[in-house]
Amino acid sequence: MLPGEAPAGRDADSRLFHTYKWQALEATFREVCSRFGVEEIRTPIFEDTALFHRSVGEATDIVAKETYDLEDRGGDSLTLRPEGTAGVMRAIVQHGLAGGQNVLLRLYYLNSHFRYERPQRGRYRQHHQVGVEYVGADDPMADVEVIALGMTYLREVGLDDVRLEINSVGTPTCRPVHREALRDHLRPHLAAMSEDSQRRFETNPLRILDSKDPRDQEFIEGAPAMIDYLDDEAAEHFAKVQAGLANLGIPFVVNRRLVRGLDYYQKTAFEVVHTALGSQNVVLGGGRYDGLLSALGGPAVGGVGFGSGVERALLILEQLERPIGARKLAQVYLVAREAGERATAQRVASELRAAGLRVDYDLQGRSQKAQLRAANNAGCGHVVFVRDDLPAGWVQLKNMADGEQAELAIADLATRLTTVYLSR
RNA sequence: GUGGGUGUAGCUCAGUCGGUUAGAGCGCCAGAUUGUGGCUCUGGAGGCCGAGGGUUCAAGUCCCUUUACCCACCCCA
């Protein structure tokens, strides 16, 4: 790597020129969150490495081979956050935010995440997610609320043709029962299955259900599903979530094989998929993580949340040729040529900008033709000719749409233009 | 981590079998014509051919190394 060259897989540079899309997406997300009474939380970009190992799960692929680990000058091991939930939970525990009884925290974040993996389209070592966490709510209505927020966000950002898939991954009491049933079912066929599945047979057999390896498919077909082993508590919770979604008219399908990549999920798990991206079709995913807060030393309260990839959402919108946001280019361009005219133009620009207008003028000493071209390219509605041969204090105002132009006193310019561009 | 592909102008890309001064389109700049932008025409600027090494009389072109990006897998958002 040359000095000054960007490290691999961040895709930061190519974002430079379409940030208006990011801004529009972010604004939509923040706005939807505010309607749901959700406030922003900002957590550090790195955490103690142990936090992610304890919360995300040792056996998950994220921790096993994808965390971006760094050592600081003191020799401590830090990890750039691979996902959003763990850091939020750590902050809640550390600051006692969920200390009182019946405290409900509704938080959203919008930040960078890092995974040390091979970059590819729509998947970068530094990527961004928006997400929400509802902490302190055991009620299934909270699950429904979180899902509703996510669906609203996707719809308003331009992704309404998506499919919501839900499942229940059980509780710590019923999951082991299913796990053994699953192992009993798979054990006779183990030798014929993929290496990954053989490894997961010991570490995390539930993940085998999620395998896409063709060798595994026939054995997965008849495998016992978690959903058939739910205890009363989990079954009732799952039923209420479904009833709640129906109550809101949110379409969903139960995907019996849906499993999430992180260990901390319990009961509800959900994904929202879009068909435009092939195998990378998940645009939003989340679930309930009731044991997580207490596992990190906090109170035994439940939580539910989701994360959604920003790059992926923008990529789908791009593929579907759905516009999002717009560049805010100049509304008014000041044309000047001689030194005296240019000084006047700079002063007038300053006045018009103070009045709230988006104003531009030439800083490179280019020809009048080039200046007009710039005005045209920016889509300016008006051009102001600053000319020494006019009476002092007067300029020419040209309407670019119809070509009409008239002389006007500089003193009247701001009023005239603000009525065009700022009144509504 | 595995397997492929690609790095040439600001952008998208040509560049034959190794052979003179490395090209096109778009964009940019200047000019012509429009009053003063768009359309058209003329001219111009702009290149460490990703980097390092090697082979050769001669390398954008062949070989090695390296780096970055792309695609797929794994996995995930």
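Order of the sequence lines sets the chain letters (A, B, ...), proteins ahead of strands, with each chain counted from 1. All figures in this text were calculated on a predicted structure; none of them were measured in a lab.
Taking atom P in both B:C64 and B:G27, the straight-line distance is 41 Å, to the nearest Å. Annotation: B:G60 and B:U55 have their P atoms spaced 16 Å apart (nearest Å). Using P as the reference atom, B:G19 and B:C62 are 10 Å apart when rounded to the nearest Å. Taking atom P on both B:U8 and B:G47, the two are 15 Å apart, rounded to the nearest angstrom. Comparing the same atom, C1', in B:G4 and in B:C74 gives a spacing of 15 Å after rounding to whole Å. Using atom P as the reference point in both B:A45 and B:A30, the two lie 15 Å apart (nearest Å). Straight-line distance between the P atoms of B:U2 and B:G15: roughly 32 Å, to the nearest whole Å. Between B:G35 and B:C11, the two P atoms lie 37 Å apart (nearest whole Å).
Of the candidates B:A30, B:A77, B:C75, B:A30 carries the atom nearest the A:Ala370 side chain, counting heavy atoms from C-beta on. Residue A:Lys369 has its side chain nearest to B:A32 when only B:C29, B:A32, B:A77 are considered. Counting only heavy atoms from C-beta on, A:Val282 has its side chain closest to B:A77 among B:A32, B:A77, B:C29.
Nucleotide B:A9 forms no Watson-Crick or G-U wobble pair with any nucleotide shown, as no partner meets the under 3.5 Å limit on both distances. Remark: B:A72 base-pairs with B:U2; criterion is Watson-Crick or G-U wobble with both hydrogen-bond distances under 3.5 Å. If you check B:G19 for Watson-Crick or wobble pairing at under 3.5 angstrom, you find it paired to B:C57.
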Practice task
Using the side chain to side chain donor-acceptor pair (under 3.5 Å) rule, take A:Asp228 and A:His178 through it: C-alpha gap first, then chi angles, then the decisive distance, then the call.
Solution key: CA-CA 8 Å; A:Asp228 296 322; A:His178 169 253; over 6 Å; no
Problem - Verdict with supporting geometry, A:Tyr361 and A:Tyr333, ring pair (Phe, Tyr, Trp, His ring centres under 6.0 Å) - result: CA-CA 5 Å; A:Tyr361 60 97; A:Tyr333 200 100; 7.8 Å; no
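Among the protein residues, A:Gln396 comes within range of the nucleic acid bases, having at least one heavy atom under 4.0 Å from a base atom. Residue contacts shown for A:Ser367 are limited to sugar-phosphate atoms, with no base heavy atom under 4.0 Å away. Among the atoms of the strands shown, none is found under 4.0 Å from any heavy atom of A:Tyr333. Among the heavy atoms of the strands, none lies under 4.0 Å from A:Ala375. At the heavy-atom level, A:Arg260 lies under 4.0 Å from the strands shown only through sugar-phosphate atoms. At the heavy-atom level, A:Gly403 lies under 4.0 Å from base atoms of the strands shown.
The interatomic distance linking A:Asp362 (CG) with B:C28 (C1') rounds to 13 Å, in whole Å. For A:Gln198 and B:C74, the CD to P distance is 16 Å, given to the nearest whole Å. Distance A:Gln368 CD to B:U33 C1': 15 Å, rounded to the nearest Å. One interatomic measurement links the two molecules: CZ of A:Phe114 to P of B:A77, which rounds to 17 Å at whole-angstrom precision. Atom CZ of A:Arg387 is separated from atom C1' of B:G35 by 9 Å (rounded to the nearest Å). Across the protein-nucleic acid pair, A:Asp389 atom CG and B:G35 atom C1' stand 13 Å apart, rounded to whole Å. A:Asn376 places its CG atom 11 Å from the P atom of B:C28, with the value rounded to the nearest Å. In this structure, A:Tyr116 places its OH atom 16 Å from C1' of B:C74, rounding to the nearest Å.
Between A:Asn377 and the phosphate of B:G27, there is no side-chain N or O to OP1/OP2 separation shorter than 4.0 Å.
Across A:Leu372 and A:Met400, no two heavy atoms sit closer than the pair O-CE, 4.3 Å. The two atoms that bring A:Ser77 and A:Thr49 nearest to each other are OG-OG1, 2.6 Å, heavy atoms only. Closest approach of A:Leu25 and A:Ala313 over heavy atoms only: CD1-CB, 4.1 Å.
Summarising the local packing, CZ of A:Phe36 is surrounded by more than 12 heavy atoms from other residues, nucleotides or ligands at distances under 6.0 Å.
Remark: A:Arg183 is positioned above the aromatic ring of A:Phe201, its terminal NZ or CZ atom under 6.0 angstrom from the ring centre and at most 45 degrees off the axis.
Below the 3.5 angstrom threshold, one finds no donor paired with an acceptor across the side chain of A:Arg366 and the base of B:A30.
Once the 5.5 Å centre distance and the 30° plane angle are applied, the aromatic ring of A:His113 is found not to be stacked with the base of B:A77.
Nearer the 5' end of RNA chain B, as judged by each residue's closest nucleotide, is the contact made by A:Arg373, out of A:Lys398 and A:Arg373. Residue whose closest nucleotide on RNA chain B sits further toward the 5' end, between A:Val383 and A:Gly285: A:Val383.
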